[in-house]
Amino acid sequence: MTGFTTSAIHGVALKRDVHGSLRVPVYDTVAFEFDSAKDINQAFAGRKPAHTYSRITNPTVEDFEQRIRLVSGGATAIAVSSGMAAITNVILTLAGAGTNIVTSKHLFGNTLSLFEKTLKPWGLEIRYADMSDPATVSRAIDNNTRAVFLESITNPQLEVADFRALSAITQDHSVPLVVDNTVTTPYLFRTRDSGVNVEVLSSTKYITGGATSLGGVIIDNGNFDWRNSPRLKDWGIKMGPLAMLGALRREIYRNVGSCLAPHHAYLQSLGLETLSLRIDRSCGNTLALAEFLQQHDKVASVHYPGLPDSAYHTNAKEQFCGRYGGILTFDLNSKHECFKLMDSLKLVKRATNVNDNKTLILHPASTIFCEYPDGVLSEIGVRHTMIRLSVGIEDFEDLKNDLEGGLAIL
Ligand SMILES: *Cc1c(COP(=O)(O)O)cnc(C)c1O
């Protein structure tokens, strides 16, 4: 077993390119031809692996899927068109009308909206628990629970759960534990080692390496017996550990049509090759900026799991290889000050992405969460005085100078 970066670069040798191309080319194509009617029949029947149509599989996408599977330590991986597509496909695979999922109110905004506004009207019950208190999760689970879903570091609350404790509970109830590993990625968080069963990723963020394209991944860690899942039981009997991949590839993913474009898969593979270098740098910059902001007298408070006074420091340290991600938040004394600081910055960009190569700043209450009233905002821990900083890989001194200049005029 090679190390993370070696695996990310070399991937899995699937087939030698006809020209000996060192890099798997972009197969921007839809259909694939066969030598005989029997061959195409065998491909469709799943008896002989072959690409038939790019909504189902594609060589460039497959190369990316195999690389991410390799670095994550998972059993199977499937790439989709975005992080939201990954979450949607997983929930459609595991749950249905008349069942429930247990999750947290501290979720990526669109995920919360997917659950509440899109899936709830289809008959899915959404139950909320406090993921930092495993006993509340245990109490929320019943016979109709089809998944427990949470994020590795919530955004913008920056909470980190104890995943081993949660997995002990979900295992007890035979319910799959699903984790959105976007902001930590398999480089910082090997979800399988903490007993997580299914991992979803928005590869749009860290993995793509500079916000070049949208993408998502679903990884089955191979540690859940799908014969215990009411929805996947038949697939489990037929395909064993490949059940979830089978259900997606031959039914849900195929039918929903949320495939990753080959060109995007190519960009994401390219990003994956340098992921470890960029995350190391981004995490280093984030910790240094958190420490700088913490001692600044215009800053009311700083929130980052990397700071020893964070309530989530120990969980993060133990589970994320001693690094704490590239996102921090800090509070000023008013919304007015937040806007004034943001408007004064010259290098840091006002934008809504996270884990870009560039450092990005955002006022969550007036943007991502602007559709929610104050009562909901306080429930989900979003304050009008809070600024979110997603820290990139620029030179630290330049970032510090930009923020220092902005804070000086408050
Ligand atoms: C961005 C993000 C998503 C959604 O990903 P897209 O690729 O934008 O669809 C989901 N979860 C988390 C934690 C994210 O940061």
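Start at 1 and go down the list; that is how both ligands and their atoms are numbered.
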Q: Which heavy atom of the protein is the closest neighbour of atom 9 (O) of ligand 1, given with residue, atom name and distance?
A: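 The protein heavy atom lying closest is Met84 N, 2.9 Å.
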Q: Mind checking whether Leu214 contacts ligand 1 via backbone (N, CA, C, O), side chain (CB onward), both or neither, at a 4.0 Å heavy-atom cut-off?
A: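 The part of Leu214 near ligand 1 is the side chain, not the backbone.
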Q: Evaluate the ring planes of Tyr304 and Tyr324, with Trp represented by its six-membered ring, and classify them as parallel (under 30°), tilted (30 to 60°) or perpendicular (over 60°).
A: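 Rings of Tyr304 and Tyr324: perpendicular, as their planes differ by over 60°.
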Q: Heavy-atom count around Lys298 NZ within 6.0 Å, excluding the residue itself: above 12?
A: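 Yes, because the 6.0 Å sphere around NZ of Lys298 holds more than 12 heavy atoms from other groups.
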Q: Would you mind checking which non-hydrogen protein atom is closest to atom 4 (C) of ligand 1, with the distance to 0.1 Å?
A: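 Nearest protein contact, heavy atoms only, for atom 4 (C) of ligand 1 is Phe108 CE2, 3.4 Å.
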Q: Identify, by atom number and element, the atoms of ligand 1 in contact range of Ser82, meaning under 4.0 Å from any of its heavy atoms.
A: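 That gives atoms 7 (O), 9 (O) of ligand 1.
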Q: Can you tell which of Asn353, Asp180, Thr204, Leu201 gets a heavy atom nearest to atom 13 (C) of ligand 1?
A: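 Nearest heavy atom to atom 13 (C) of ligand 1 lies in Asp180.
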Q: Take the angle between the ring planes of Phe292 and His296 and call it parallel below 30°, perpendicular above 60°, tilted in between.
A: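 If you compare the ring of Phe292 with that of His296, the planes turn out perpendicular.
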Q: Backbone or side chain, does any N or O of Asn155 fall under 3.5 Å from an N or O of ligand 1?
A: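 No - when backbone and side-chain N and O of Asn155 are compared with those of ligand 1, no distance drops under 3.5 Å.
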Q: Return the closest protein heavy atom for atom 2 (C) of ligand 1 as residue, atom name and distance.
A: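 Here the closest protein heavy atom is Lys205 NZ, 2.4 Å.
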Q: Would you mind listing which atoms of ligand 1 come within a distance below 4.0 Å of any non-hydrogen atom of Gly215?
A: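 It comes down to these atoms of ligand 1: 7 (O).
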Q: Which class fits the ring pair Phe339 and His363: parallel under 30°, tilted 30 to 60°, perpendicular over 60°?
A: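 Aromatic pair Phe339/His363 classed perpendicular.
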Q: Give me the atom names and distance for the closest heavy-atom approach of Ile101 to Ala95.
A: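 So the minimum-distance heavy-atom pair works out to CG2-CB, 4.1 Å.
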Q: What residue and atom, counting heavy atoms only, is the protein's closest point to atom 6 (P) of ligand 1, and at what distance?
A: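 Ranking protein heavy atoms by distance from atom 6 (P) of ligand 1, first comes Gly83 N, 3.4 Å.
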Q: Measure the acute angle between the ring planes of Phe163 and Phe189, then classify it against the limits of 30° and 60° as parallel, tilted or perpendicular.
A: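 Correct class here is tilted.
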Q: Check each of Ile207, Val80, Thr184 against Leu201 using the side chain to side chain contact (heavy atoms under 4.5 Å, CB included) test, and report the only one that passes.
A: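 When Ile207, Val80, Thr184 are each tested with Leu201, the side chain to side chain contact (heavy atoms under 4.5 Å, CB included) holds only for Ile207.
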